[in-house]
Amino acid sequence: MQDLKKLWKVFNQKFRDTGLIKGAFSAPGRVNLIGEHTDYNEGFVLPMAIEKKIIMLGQLRNDRLVQVFDLGYKAEVKFSLDSLSPSKKESWANYLMGVANEIQKAGYPLQGVNLIFISNIPKGAGLSSSAALEVVTALTLAKLNLLEIKPVEMAHLCRRAENDFVGVDCGIMDQYVSRLGQKGNALLIDCRTNNYKLISFEDSNYQIVICNSKIQRGLVGSEYNIRRRECKRATDFFTHRLGSKIRALRDVTIEEFKRYEEYLPETIARRARHVISENYRVQTGVQALKEGNFSAFGQLMIESHQSLKNDYQVSCTELDLLVDLALEQEGVLGARMTGAGFGGCTVNLLRREYVDVFKKTIKRGYKKITGIIPDVYVTHPAEGAKVIELRQGSKVGNNG
Ligand code: GLA
């Protein structure tokens, strides 16, 4: 990643100094350890922020224009804060426009800004590069406009931006952990109450390793929204049978599911079984981690993958292959697909001393069968979005 001095140099070449407040901000990608497709069912998830991130530099303008330069893709876009609507042509700009739109809709006044950003989170790999872009944009806009937006509220604004401007009906997990992640910890998020608990993940004997299948998540938007609707059907069924105490699949116990499963259409039963059992795996997994029982946690990761593959049906051949290759290796405690699915990455839990061998072997094995060399990232739980620096301007903006 480029250093800040160089980034400011690019910024100054791109934009005239407005004399107003400026700053540098960052937001990380994430990997989910366990709890997949549970967030929009008001359940539990256990993600951690990763070291890959987006850095954004910005300066306030004295008008209503937003000018953005994506340094990685050398792409530029301009839009006015007065006419925000999703763009078909510049779809990447929807993440930024959506966030500006949601901030204004929530009643916060915004002025225009000049922005540049650079990312080392692989795109379309299931590591939440889009959530990171939303979160870093929200933080930049908030800080430059001197707005106090609480972290959880910011995560929700960003999720709504993705729902309305990008058209993916995602849950809260990605934006939440990108905003609130903490170094050395995974976050156990209760997606109903929006509270979280820190789960320490700094055991020196174990390591999280991510494998990127390099299969882009083509179907993700459409299939994701279909899964959401299937979950809604299952919820409606259980509310009808068990009463209003069932507000989401989170409220259905495994026993209740077993009692009624035969009355559900097969596909809907599979979806419900995954969500209900996955919530249970998150709870059990957290307990295992607290007790330092990494083998038990790894086993739950393996079960989670089976459930995502067979019941939720969001895996793909390449992800299954990466998991199978990982589990053949010594020192691997658990492996599963992570994120929405249909491509993207797997997350693996390893004994630290096996990491180097693992990297070599999995690259070789995957390439032999698919012809693709996977990327492998060794990562530690990183901190969430933050202000890197903030410099007051020589002039005062409209809102200052
Ligand atoms: C995507 C969504 C999240 C979550 C995961 C699946 O990453 O953005 O909200 O639903 O898929 O767990």
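First listed ligand is number 1; within each ligand, the first listed atom is number 1. All values derive from a computational prediction rather than experimental measurement.
Using modelled atom types, one side-chain atom of Y176 and one backbone atom of N194 make a donor-acceptor pair closer than 3.5 Å. Here the side chain of H37 pairs a donor or acceptor atom with the backbone of A340 at under 3.5 angstrom. When atom types are taken as modelled, the side chain of N279 and the backbone of F44 share a donor-acceptor pair closer than 3.5 angstrom.
Looking at E330 and Y354, their side chains do bring a donor and an acceptor atom within 3.5 Å of each other. Judged purely by distance below 3.5 Å, without hydrogens or angles, the side chains of S128 and R30 pair a donor atom with an acceptor atom. Residues E291 and Q287 bring a donor and an acceptor atom of their side chains to less than 3.5 Å of each other. A donor-acceptor pair shorter than 3.5 Å can be found between the side chains of S277 and R281.
Closest to atom 5 (C) of ligand 1, if we only count protein heavy atoms, is M173 CE, 3.8 Å. Residue, atom and distance of the protein heavy atom nearest to atom 7 (O) of ligand 1 are D174 OD2, 2.8 Å. For atom 9 (O) of ligand 1, the closest non-hydrogen atom of the protein is D39 OD2, 2.5 Å. The nearest heavy-atom contact from the protein to atom 10 (O) of ligand 1 is Y224 OH, 2.5 Å.
The aromatic ring centres of Y224 and Y40 sit less than 6.0 Å apart.
Not close to ligand 1: M337, with no non-hydrogen atom less than 4.0 angstrom away.
For N32, no nitrogen or oxygen atom sits less than 3.5 Å from a nitrogen or oxygen atom of ligand 1, counting backbone and side chain alike. Some N or O of G171 is nearer than 3.5 Å to an N or O of ligand 1, by distance alone. In terms of polar-atom proximity, S128 is not counted as a contact of ligand 1, lacking any N or O under 3.5 Å from an N or O of the ligand. Below 3.5 Å of separation, one finds no N or O of Y40 facing any N or O of ligand 1.
In summary, the atoms of ligand 1 found under 4.0 Å from a heavy atom of R30, numbered by their order in the structure, are 7 (O). Contact atoms of ligand 1 toward C170: 2 (C), 8 (O), 9 (O) (distance under 4.0 Å to a heavy atom of the residue).
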